[in-house]
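Structure first, commentary second.
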Amino acid sequence: MIMTNSDTGIPRPLLRRDDALAALEEAARWWGCDVPEDPGAGELAELVQELVGRLRADQLDERSLSAAREMAKVAAALGAVSRLGGLLPAVSLWHLRAAVEKEQQARGRFARTAIPQPDGIARSVAPVS
């Protein structure tokens, strides 16, 4: 039996750099980051790193700490993409896909309790200062 992504219900991987960056931009907004217009990988890495600090500040919430560990990996992957620039596009795309996957795992920690608000801040995440 041959199985494809559509058969398993697994979302297809993002095939373009722009799609992956757009997904990570939307994710940063979901987490309550103040995202500038058309951010690059370096800008997103900085925003995610700030988010990691906010998540780690809640030492008593294991979900926040677990999400912080995943989001630190997102920031590292985005930093790698930023350093690569236009070199090695396949490697950059791999890092972007890994970042999207790790962000989805981190968001899953809050799936039942965090609902994005109109201002973009999820209730369970420490507020943006």
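Numbering of residues begins at 1 and proceeds along the displayed sequence.
In terms of hydrophobic clustering, with Ile, Leu, Val, Met, Phe, Trp and Tyr side chains grouped at heavy-atom distances under 4.5 Å, Trp30 and Leu55 are assigned to a common cluster. Val35 is connected to Val74 through a chain of hydrophobic side-chain contacts under 4.5 Å among Ile, Leu, Val, Met, Phe, Trp and Tyr, so both are in one cluster.
From Asp38, atom CG reaches atom CG of Asp18 across 8.5 Å, with rounding to the nearest 0.5 Å.
A salt bridge between Glu26 and Arg107 is present, with a side-chain N of the basic residue lying under 4.0 Å from a carboxylate O of the acidic one. Ion pairing between a basic and an acidic side chain is recognised when a charged N comes within 4.0 Å of a carboxylate O; Arg109 and Glu70 show such pairing. Glu62 and Arg69 are joined by a salt bridge, as a carboxylate oxygen and a charged side-chain nitrogen come within less than 4.0 angstrom of each other. Using a cut-off of 4.0 Å between Lys/Arg side-chain N and Asp/Glu carboxylate O, Glu50 and Arg54 are scored as not salt-bridged.
Counting heavy atoms from C-beta outward, Met71 and Lys102 have side chains that stay 4.5 Å or more apart. Using a 4.5 Å heavy-atom cutoff, the side chains of Arg16 and Leu93 are not in contact.
Taking each heavy atom of Ala76 and Arg83 in turn, the nearest pair found is O-NH2, 4.5 Å. Nearest heavy atom pair, residue Ala72 against residue Arg56, reads CB-NH2, 3.8 Å. Taking every heavy atom of both residues into account, Leu44 and Glu25 meet most closely at CD2-CA, 4.0 Å. Nearest heavy-atom pair across Gly79 and Ala45 is N-CB, 3.8 Å. The shortest heavy-atom contact between Cys33 and Leu47 is SG-O, 3.9 Å. Scanning both residues, Trp31 and Ala67, for their nearest heavy atoms gives CH2-CB, 4.1 Å.
For Arg17, the side-chain contact (heavy atoms from CB on, under 4.5 Å) partners two or more places apart in sequence, or in a different chain, are Leu21, Val81, Ser92, Leu96.
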Stepwise side chain to side chain contact (heavy atoms under 4.5 Å, CB included) test for Gln49 and Leu78: CA-CA 10 Å; Gln49 194 58 46; Leu78 284 166; over 6 Å; no
